[in-house]
Amino acid sequence: MKSWTRTLNLDDAHTLLAQATPGLEVAAWSEACMDSLPELSHPRRRELVRILRDAFLVADDTGRFVDDLFLS
């Protein structure tokens with residue numbers, strides 16, 4: 001049976017978080033992340049983006065990242 005939870009590889013997460021900057025559109029970051037880490041499968045990259053976006057990054061009402069704990 002497959003696990004319902006996934007873990008974050010610290011190096012992979014750091015690579016993707018390093019691409020996020022305050023004022024950057026979330027959609028543009030997500031697209032750029034898909035080009036990163038080519039050794040990972042597309043579904044795994046999509047999952048990493050979702051986890052990081054939902055748990056570690058904050059966006060405003062316009063869909064842009066704001067300066068927060070992980071973007072300071």
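This one's a predicted model, so the numbers in the text were calculated from it and none came from an experiment. All heavy atoms count here, side chains included; hydrogens, waters and symmetry mates do not.
Every pair passing ring pair (Phe, Tyr, Trp, His ring centres under 6.0 Å) that includes a residue from residues 11-41 is listed here, sequence neighbours excluded: Trp29-Phe65.
Here the straight-line distance linking atom OG1 of Thr15 with atom CG of Leu48 works out to 10.0 Å at 0.5 Å rounding. Here the SG-CZ distance, from Cys33 to Arg53, works out to 10.0 Å after rounding to the nearest 0.5 Å. A distance of 10.5 Å separates CD in Gln19 from OG in Ser30, rounded to the nearest 0.5 Å. For the atom pair CZ of Arg46 and CD1 of Ile51, the computed distance is 12.0 Å after rounding to the nearest 0.5 Å. For the atom pair CG of Leu37 and CG of Asp12, the computed distance is 5.0 Å after rounding to the nearest 0.5 Å.
Not a single donor-acceptor pair under 3.5 Å links the side chain of Asp68 to the backbone N or O of Phe70. Side-chain N or O atoms of Arg45 include one that pairs as donor or acceptor with a backbone N or O of Leu40 at under 3.5 Å.
Partners of Arg64 under the salt bridge (Lys or Arg N to Asp or Glu O under 4.0 Å) rule, at least two apart in sequence or in another chain, are Glu25.
Taking both residues in full, the closest heavy atoms of Val66 and Pro22 are given as C-CB, 4.3 Å, listed atom of the first, atom of the second, then distance.
Following chains of ILVMFWY side-chain contacts shorter than 4.5 Å, one can reach Val26 starting from Leu69, so the two form part of one hydrophobic cluster.
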(request) Could you go through the side chain to side chain contact (heavy atoms under 4.5 Å, CB included) check for Phe56 and Leu8 one step at a time? (result) CA-CA 12 Å; Phe56 296 97; Leu8 286 176; 3.5 Å; yes
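For the side-chain contact (heavy atoms from CB on, under 4.5 Å) with Leu71, the qualifying choice from Thr21, Leu24, Val58, Leu57 is Leu57, the only one to do so.
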